[in-house]
Amino acid sequence: DFFGFEGEPYDTLLMLMNGAGICGTLANIDRLMAKFQRLLAPGGQILLDSSDLIYMYDRDLDGGYILPGEVAYYGEVQFTVHYEGRKDKPFDWLYVDYNTL
């Protein structure tokens, strides 16, 4: 559990390959940033990336995106890992667009 991790302050937090996703939902993004602050040494840096999933959605005739109504934010997804007949419990992951981040 990333949020339970404690360690000495770091000069750099490297969170690549959609590293922002570890917070699970957009509602947890402030919690993630607060955790980063606690883990960073003075003058430290965060290198973080994410992907905007808007390209996966269709557009209407006016050019707007057709988003599902049942999700709070279109970049919130849920994954379930399957391996050799075993199935883990689902977990949330966040893909956050640039402007929201």
Side-chain angles (χ1 to χ4, degrees):
D1 177 17
F2 176 77
F3 290 107
F5 176 76
E6 295 298 331
E8 296 180 30
Y10 296 91
D11 294 329
T12 301
L13 296 176
L14 185 62
M15 305 293 291
L16 299 181
M17 300 299 295
N18 295 303
I22 200 165
C23 66
T25 64
L26 194 56
N28 285 332
I29 199 83
D30 288 339
R31 183 177 173 211
L32 178 69
M33 295 303 162
K35 182 66 176 184
F36 286 163
Q37 232 177 354
R38 288 190 301 276
L39 291 173
L40 271 181
Q45 64 181 344
I46 302 167
L47 302 176
L48 174 129
D49 74 341
S50 190
S51 297
D52 187 352
L53 297 185
I54 197 70
Y55 72 91
M56 296 176 59
Y57 295 94
D58 292 327
R59 290 181 174 231
D60 61 21
L61 296 176
D62 295 328
Y65 290 98
I66 303 169
L67 302 174
E70 67 274 359
V71 295
Y73 174 69
Y74 68 88
E76 293 178 353
V77 299
Q78 196 170 69
F79 288 110
T80 304
V81 176
H82 299 259
Y83 180 72
E84 292 187 351
R86 294 171 46 194
K87 178 180 171 183
D88 204 358
K89 63 181 178 179
F91 62 93
D92 295 326
W93 197 261
L94 178 66
Y95 294 92
V96 61
D97 66 279
Y98 177 83
N99 290 327
T100 301
L101 184 61

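Bear in mind that the values here come from a model prediction, so they are computed numbers and not experimental data. Position 1 is the first residue of the sequence; numbering continues from there.
- With contacts defined as side-chain heavy-atom distances shorter than 4.5 Å, the pair Asp52/Asn99 does not qualify.
- Inter-residue side-chain proximity for Tyr73 and Ile29 is flagged as unmet; no heavy-atom pair is nearer than 4.5 Å.
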For Phe3 and Ile22, what are the C-alpha separation, side-chain angles and deciding distance, and is it a side-chain contact (heavy atoms from CB on, under 4.5 Å)? CA-CA 9 Å; Phe3 290 107; Ile22 200 165; 5.7 Å; no
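- No more than 12 heavy atoms of other residues, nucleotides or ligands sit less than 6.0 Å from atom CE of Met56.
- Between the side chain of Asn18 and the backbone N or O of Gly21 there is no donor-acceptor pair closer than 3.5 Å.
- In this structure, Trp93 and Cys23 have side chains that are not in contact, with every pair of non-hydrogen atoms separated by 4.5 Å or more.
- When hydrophobic clusters are built by joining Ile, Leu, Val, Met, Phe, Trp and Tyr residues whose side-chain heavy atoms come closer than 4.5 Å, directly or via intermediates, Ile46 is grouped together with Phe2.
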Could you please spell out the steps behind the side-chain contact (heavy atoms from CB on, under 4.5 Å) verdict for Tyr57 and Ile66? CA-CA 6 Å; Tyr57 295 94; Ile66 303 169; 5.9 Å; no
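- No continuous path of hydrophobic side-chain contacts links Leu101 to Leu16 [ILVMFWY only; heavy atoms under 4.5 Å].
- Side chain of Glu76 to backbone of Leu26: a donor-acceptor contact under 3.5 angstrom is found.
- Residues Leu13 and Leu48 form no side-chain contact, since every pair of their non-hydrogen atoms from C-beta on lies 4.5 Å or further apart.
- The closest donor-acceptor contact from the side chain of Ser50 to the backbone of Val96 lies under 3.5 Å.
- No continuous path of hydrophobic side-chain contacts links Tyr98 to Leu94 [ILVMFWY only; heavy atoms under 4.5 Å].
- For Glu6, the salt bridge (charged side-chain N to carboxylate O under 4.0 Å, His left out) criterion is met by Lys35, not counting sequence neighbours.
- Aromatic ring orientation, Phe79 versus Phe91: tilted (interplanar angle from 30° to 60°).
- Taking the side chain as every heavy atom from C-beta outward, Ile54 and Asp97 never approach each other to under 4.5 Å.
- Clustering ILVMFWY residues whenever any of their side-chain heavy atoms sit less than 4.5 angstrom apart, transitively, puts Phe36 in the very cluster that holds Phe5.
- Atom CG of Asp60 is surrounded by more than 12 heavy atoms from other residues, nucleotides or ligands within 6.0 Å.
- Side-chain atoms of Asp92 and Thr25 form no donor-acceptor pair, as typed in the model, at a separation below 3.5 Å.
- Considering only heavy atoms from C-beta on, Asn28 stays 4.5 Å or farther from Asp30 through its side chain.
- Rounding to the nearest 0.5 Å places CG of Leu32 at 11.5 Å from CD of Gln37.
- Hydrophobic clustering of Ile, Leu, Val, Met, Phe, Trp and Tyr side chains at less than 4.5 Å, counting indirect connections, unites Tyr10 with Met15.
- At a threshold of 4.5 Å between non-hydrogen side-chain atoms, the residues Thr80 and Lys87 count as touching.
- Val77 is listed as a side-chain neighbour of Leu53, based on a closest heavy-atom distance under 4.5 Å.
- With sequence neighbours excluded, no residue forms a ring pair (Phe, Tyr, Trp, His ring centres under 6.0 Å) with Tyr65.
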